[in-house]
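These notes are about the structure you will find just below.
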Amino acid sequence: MKKIFLIMCGKLFDGIHEEMMPDMEILVEGNKISAVGRNLPRPENVEIIDLKHLTVTPGMIDAHVHGNLMRWQETDHILFQSEGYSTLAFLHTAERCLERGFTTIRCNGMGPAGYGIVDVRDVINRGLFPAARMNVGAHMLGGPGMPGDMSMYACTNEPLSDFMQIKTIGSGKDFFRTQVRREVKYGTDFIKIFLSGSFLSPDGGPEISYLDDEELRAIIETAHDLGKPVTAHVYPPRMMKKLLALEIDGMEHGALMDEETARIFENQGTYLVPTFSPFQDVIEGNDEMVNRNTEDSQMKLRKFVPRLRESRKIIRESSIRLGFGSDFCAVHQPYESWYEYRSWMRSGMGAFRTLKAATSVNAGILKMDHLIGSIEPGKLADIAGWHRDLLQDCDALSECDFVMKDGKIYPTANTVIDEA
């Protein structure tokens with residue numbers, strides 16, 4: 001017999017409407033929501049869950065997670081970690097995310113050398129582990145030396161570096177056409193391109209490019225032919241415009257956005273996951289946190305501060321379809337997704353725009369909006385509860401009081417502000 005719950009909410013944000021609705025109730029039958037409203041009928045054998053002291057929301061979604069480390073402090077050792085360890089790290093990250101009210105995460109192209117990340121997704125979907133469901137871009141596609149090419153950490157030793165380079169890094173349209181087909185064959189949900197350089201990786205910086213037009217076209221067209229969406233790591237406008245012309249589904253970061261490019265995003269309806277958190281400390285002048293990065297990263301972050309601030313303003317004032325993604329590779333743990341809420345709120349994005357980005361908008365980006373992202377009849381029962389003021393408190397998502405995924409209640413865990 002399937003379990004039936006009646007959840008009594010103090011306030012309800014349903015993921016769709018920009019309002020907090022008082023005194024609402026949610027009826028959950030099995031793993032789905034069957035009714036939402038006030039004074040709902042009480043079926044026989046219903047179990048009442050009193051959350052009248054909480055604000056209830058859909059389970060949150062983080063659309064840009066790098067879960068291949070147990071702790072960010074392990075970055076220096078990443079080259080020497082086994083595929084098995086990296087696979088377990090993804091499971092660890094997904095477990096910690098669920099405890100914090102994030103019931104779904106999108107793992108953005110930083111999987112181990114093989115396809116253990118796909119196995120993690122699948123065993124979670126089978127209900128074998130208490131963890132957030134995973135939407136998986138197994139590996140990044142890009143040129144040698146790009147961000148995410150962990151063999152860069154051994155670039156002073158050519159034979160070792162070449163040996164450690166993963167199979168999806170290379171050159172030429174035929175190479176990338178084959179790699180897209182391999183990724184799809186082995187179970188990836190989407191394709192991730194690494195086009196530009198980075199602020200955090202040991203490369204030439206965010207304005208350099210690793211792929212040419214022919215290679216990009218081969219990746220995007222092949223993925224679309226196989227029914228898979230494509231996103232890209234990218235910062236500067238000239239590269240974003242190139243991707244927009246090739247009709248990419250969406251992009252990650254875009255932290256050097258300009259007005260002209262923003263208008264093209266708006267006109268085409270292309271999504272952007274702006275990943276504010278990695279740049280928040282340098283934008284706010286928080287030197288203590290910035291100094292935790294490598295010297296190379298500190299230099300690049302500080303060099304681009306004026307443009308990062310201006311681009312943040314352009315993104316905030318645009319009507320681009322924005323998704324919520326934390327993108328933690330350094331300074332914060334990969335499962336501390338709530339920091340992105342702080343960054344959006346401190347950037348003046350507004351609570352409802354931020355909450356919608358982390359729920360219904362992200363569900364659409366993941367192409368899972370028929371299942372998750374809102375509290376509506378027929379959707380999966382992914383539900384979270386919070387005691388802090390989501391409209392005013394930028395740290396409200398740091399403390400989750402209730403989490404349900406697929407109609408099952410899981411224990412919660414408060415965030416760890418700092419781990420040495």
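Between Tyr115 and His139, the ring-plane angle classifies as perpendicular under the 30° and 60° cut-offs.
In terms of heavy-atom proximity, Val28 sits nearest to Gly407 at CG1-CA, 4.2 Å. Across all non-hydrogen atoms, the minimal contact from Cys400 to Trp386 is CB-CZ3, 3.5 Å. Here the closest heavy-atom approach between residue Cys97 and residue Ile105 is recorded as SG-CG2, 3.8 Å. When all heavy atoms are compared, the tightest approach of Gly250 to Thr270 is CA-CG2, 3.7 Å. Across Asp401 and Leu54, no two heavy atoms sit closer than the pair CB-CD1, 3.8 Å. Closest approach of Met239 and Ile208 over heavy atoms only: CE-O, 3.2 Å.
Residues Phe328 and His64 keep their aromatic ring centres 6.0 Å or farther apart. Ring to ring, Phe279 and Phe199 are close: their centroids are under 6.0 angstrom apart.
Remark: the Ser374 side chain and the Lys379 side chain contain an N/O donor-acceptor pair separated by less than 3.5 Å. Looking at Ser277 and Ser326, their side chains never bring a donor and an acceptor atom within 3.5 Å of each other. A donor and an acceptor atom, one from each side chain of Gln280 and Glu284, are located under 3.5 Å apart. Ser347 and Arg316 share no side-chain donor-acceptor pair at under 3.5 Å. Side-chain atoms of Trp338 and Glu340 include no donor-acceptor pair closer than 3.5 Å. Under the 3.5 Å distance criterion, with hydrogens and angles disregarded, no donor-acceptor pair is assigned to the side chains of Asn108 and His66. Counting only N and O atoms by type, the side chains of Thr231 and Glu252 include a donor and acceptor under 3.5 Å apart.
Ser311 places no side-chain N or O within donor-acceptor distance of the main-chain N or O of Leu308, the cut-off being under 3.5 Å. Checked by atom type and distance alone, the side chain of Asn267 pairs as donor or acceptor with a backbone atom of Arg263 at under 3.5 Å. One N or O on the side chain of Tyr341 and one on the backbone of Leu390 form a donor-acceptor pair closer than 3.5 Å. No donor-acceptor pair closer than 3.5 Å links the side chain of Ser297 to the backbone N or O of Asn293. A donor-acceptor pair is defined here as one N or O able to donate and one able to accept, closer than 3.5 Å; no such pair exists between the side chain of Asp249 and the backbone of Pro229. In this structure a side-chain-to-backbone donor-acceptor pair under 3.5 Å is present from Thr188 to Ala138. Listed for the Asp382 side chain is a donor-acceptor partner under 3.5 Å among the backbone atoms of Asp406. Glu215 places no side-chain N or O within 3.5 Å of a backbone atom of Lys173 that could act as its donor or acceptor partner. At least one donor-acceptor pair closer than 3.5 Å links the side chain of Thr93 to the backbone N or O of Ala89.
Counting only heavy atoms from C-beta outward, the side chains of Arg121 and Asp189 approach each other to under 4.5 Å. Contact annotation: the side chain of His53 never approaches that of His387 to less than 4.5 Å [non-hydrogen atoms, C-beta and beyond]. Residues Val65 and Phe102 are not in side-chain contact: their nearest non-hydrogen atoms beyond the backbone lie 4.5 Å or more apart. When side chains are defined from C-beta on, Thr103 does not count as touching Ile372, because their heavy atoms never get closer than 4.5 Å. Looking only at side-chain heavy atoms (C-beta outward), Val305 and Ile283 stay at 4.5 Å or farther from each other. With a 4.5 Å cut-off on side-chain heavy atoms, Val118 and Met134 do not count as touching. Looking at Tyr210 and Ser196, their side chains never come closer than 4.5 Å, going by heavy atoms from C-beta outward. Between Met240 and Asp258, every side-chain heavy-atom pair lies at or beyond the 4.5 Å cut-off.
Annotation: Lys241, atom NZ; neighbour count of heavy atoms from other residues, nucleotides and ligands within 6.0 Å is above 12. Atom CD of Gln268 has more than 12 heavy atoms from other residues, nucleotides or ligands within 6.0 Å. Surrounding NZ of Lys11 are at most 12 heavy atoms belonging to other residues, nucleotides or ligands under 6.0 Å away. By the neighbour-count criterion of 12 heavy atoms within 6.0 Å, atom NZ of Lys408 is sparsely surrounded, having that number or fewer from other residues, nucleotides or ligands.
Note that the CG atom of Asn362 and the CD1 atom of Ile61 stand 5.5 Å from one another [nearest 0.5 Å]. Leu211 CG to Ile219 CD1: the interatomic distance, rounded to the nearest 0.5 Å, is 5.5 Å. In this structure, CD1 in Ile117 is found 8.0 Å from OG1 in Thr87, a value given to the nearest 0.5 Å. With values rounded to the nearest 0.5 angstrom, Leu272 atom CG is found 7.5 Å from Met251 atom CE. The line from CH2 of Trp344 to CD1 of Ile315 is 9.0 Å long, rounded to the nearest 0.5 Å.
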Next item on the list: Please step through salt bridge (Lys or Arg N to Asp or Glu O under 4.0 Å) for the pair Asp122 and Arg126, ending with a clear verdict.
Entry: CA-CA 6 Å; Asp122 292 347; Arg126 289 170 59 192; over 6 Å; no

Checklist line | Verdict with supporting geometry, Arg106 and Val273, side chain to side chain contact (heavy atoms under 4.5 Å, CB included) | finding: CA-CA 11 Å; Arg106 177 170 170 255; Val273 179; 4.1 Å; yes

Next item on the list: Kindly determine whether Gln179 and Thr168 satisfy side-chain hydrogen bond (donor to acceptor under 3.5 Å, both in side chains), including the steps that lead there.
Entry: CA-CA 6 Å; Gln179 294 311 316; Thr168 54; 5.7 Å; no

Checklist line | Evaluation steps, side chain to side chain contact (heavy atoms under 4.5 Å, CB included), between Met60 and Leu355 | finding: CA-CA 8 Å; Met60 296 292 163; Leu355 288 167; 3.7 Å; yes

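Figure legend: cation-pi geometry between Arg312 and Phe276, with NZ or CZ positioned under 6.0 Å from the six-membered ring centre and within 45° of its axis.
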